[in-house]
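Here is the structure we will look at, set down as structure tokens.
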Amino acid sequence: MAEDIKKGLLGIVVDETEVSKVMPEINSLTYRGYAAQDLCAKCKFEEVAYLILNGELPSEKQLKDFEKVERKERNLSKTLLESIKNFPKKSHPMDVARTAVSIMGLEDKETKDNSPEANLRKVMRIFAKTPVALAAFYRIRKGKKIIKPKSNLSFSENFFYMCFGRVPEKEIVKAFDVSLILYAEHSFNVSTFTARTITSSLSDIHGAITGAIASLKGPLHGGANEEVMHMMNKIKKPENALNWINNALDQKAVVMGFGHRVYKSGDSRVPTMREYFSKVAKVKKDKKFEKIYDIVEKVMIERKNIHPNVDYPTGPTYHLMGFDTDFFTPIFVISRITGWSAHILEQHAANKLIRPLASYKGNSYRKVIPINQR
Ligand code: SDX
């Protein structure tokens, strides 16, 4: 009897979750019941991080306490800092993120403790330190002095400060904050499911997040925002865009930043991110990428009925903010640590070892012939 194989687990429901859901009735991604675009309008990223991890929006006091912990944990150990200084300068920042979290796991005193309390404490350390580790590498590979985190700056302000030595205009900080809110969580995407799979054997949170970072690096997943920028740099000017995208489709290319396994008529995060992309382009007085964006989007929808996903607007937005292209997916990491962690906690709370079956297509039984007769 031919097994009903669902390659890529297409359309397969494997578990329950309370963290997020794309609600078709409002065509919105929702975190713990709140629409992501509503959270973008009314909250800062730290409030949403608290919500995803704890299940409720924080009171002012709870937010203050949360921020205090996050800011206290921003310091890196001497070992981690020295290791980053010795990483090959050509390392991809996603590999730096993955390795930094692994080193944090080597050092963390609570690695063996998978209790919710210990896991939440470890989450705060990973959440606070990963941006600092990435910013340190950002400076080192440019031959610049490392800039220490500042505890009087928000999560977003501090990342700009550690990378560039200054906090940009508030519109730029807000756009960055919005991108982190939109990137924070998206149910059983491949990196989150990777984290849950690793957790299901009762392995530790550092290992689960290390695996998730490795998965997010792939161009079919988080790595797409970097590939979007490579595409736009190849197109160079708006007047080249129409030919470029039509040629790409004629050659059956996969166009990065478009399509999605779940959203089939448009990623609900795109309108909000597109709006902030525009705001940043206005502040930077550079409309070129917006023109390329619109031409490519129009052809993708007209010719293939394939819509942009969240990686499409974030790519050029991060470029306009001044980040190196290979730092785009690491920014996705510092946000998605919250979603991954919420799922790791949830997997522990109702765990079942994840172990699917395979349909065997190999050789039928045969005897081993000793080597001197082969
Ligand atoms: C993220 O899951 C999540 O939630 C992920 C994410 C999150 O927040 O965690 O939302 C973040 O990863 C967004 C996706 C970023 N990836 C990309 O932009 C890479 C380009 N996109 C494609 O690789 C693709 O759309 C996927 C992988 C995202 C989804 O593909 P599916 O669901 O496996 O569908 P498919 O690849 O089988 O495509 C179906 C058809 C195919 O055509 P046919 O072979 O049937 O003729 O649509 C075509 C594909 O060729 N298609 C594309 C396309 N996406 C789908 N053709 C050209 N360009 C594309 N981008």
Side-chain angles (χ1 to χ4, degrees), residues 5-14 17 19-23 27-31 36-37 39-40 48 52 94 178-197 209 211-232 244-273 293 296-316 318 328-343:
I5 297 171
K6 292 277 186 262
K7 208 166 174 61
L9 295 181
L10 198 63
I12 299 289
V13 179
V14 290
T17 182
V19 186
S20 74
K21 174 180 167 62
V22 176
M23 293 189 182
N27 184 36
S28 284
L29 169 61
T30 58
Y31 298 152
Q37 59 271 28
L39 293 166
C40 288
V48 178
I52 289 172
M94 281 299 278
V178 162
S179 77
L180 298 184
I181 292 173
L182 294 174
Y183 262 147
E185 151 66 11
H186 211 256
S187 194
F188 280 21
N189 59 83
V190 53
S191 56
T192 299
F193 191 63
T194 302
R196 289 190 77 128
T197 304
I209 290 182
I213 295 172
S215 168
L216 189 74
K217 180 184 176 188
L220 295 189
H221 188 19
N225 60 15
E226 190 179 319
E227 296 302 327
V228 166
M229 204 58 226
H230 293 319
M231 170 178 75
M232 291 198 169
W244 194 94
I245 186 61
N246 276 309
N247 288 337
L249 292 179
D250 292 346
Q251 283 146 41
K252 304 263 174 281
V254 173
V255 180
M256 296 296 159
F258 285 86
H260 199 279
R261 173 61 62 82
V262 172
Y263 295 111
K264 289 304 174 196
S265 53
D267 183 327
S268 66
R269 299 165 290 186
V270 168
T272 306
M273 197 59 227
Y293 179 105
V296 170
E297 178 189 26
K298 191 164 175 295
V299 172
M300 283 301 285
I301 295 173
E302 280 169 2
R303 274 191 64 173
K304 302 270 294 183
N305 190 27
I306 295 179
H307 296 258
N309 57 56
V310 67
D311 291 317
Y312 189 49
T314 40
Y318 290 155
F328 293 4
T329 316
I331 296 171
F332 196 154
V333 166
I334 63 175
S335 162
R336 187 56 61 93
I337 283 170
T338 56
W340 290 330
S341 301
H343 282 274

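Order of listing sets the numbers, starting from 1, for every ligand and every atom in it. Fair warning: this is a prediction, and the values are worked out from it, not measured in the lab.
- Residues S215 and H221 bring no donor and acceptor atom of their side chains to less than 3.5 Å of each other.
- Using a distance-only test at 3.5 Å, with no hydrogens or angles considered, a donor-acceptor pair links the side chain of R303 to the main chain of N246.
- Residue I213 holds its CD1 atom at 6.5 Å from CE of M94, rounded to the nearest 0.5 Å.
- Under the 3.5 Å distance criterion, with hydrogens and angles disregarded, a donor-acceptor pair is assigned to the side chains of E185 and S20.
- The residues lining ligand 1, counting any heavy atom closer than 4.0 Å, are H186, N189, P219, L220, H221, A224, A253, V254, V255, M256, G257, F258, G259, H260, R261, K264, R269, M300, K304, I306, N309, D311, R336.
- The backbone N or O of T314 lies less than 3.5 Å from no partner atom in the side chain of S179, so there is not a single donor-acceptor pair.
- N309 places a side-chain N or O within 3.5 Å of a backbone atom of G259 that can act as its donor or acceptor partner.
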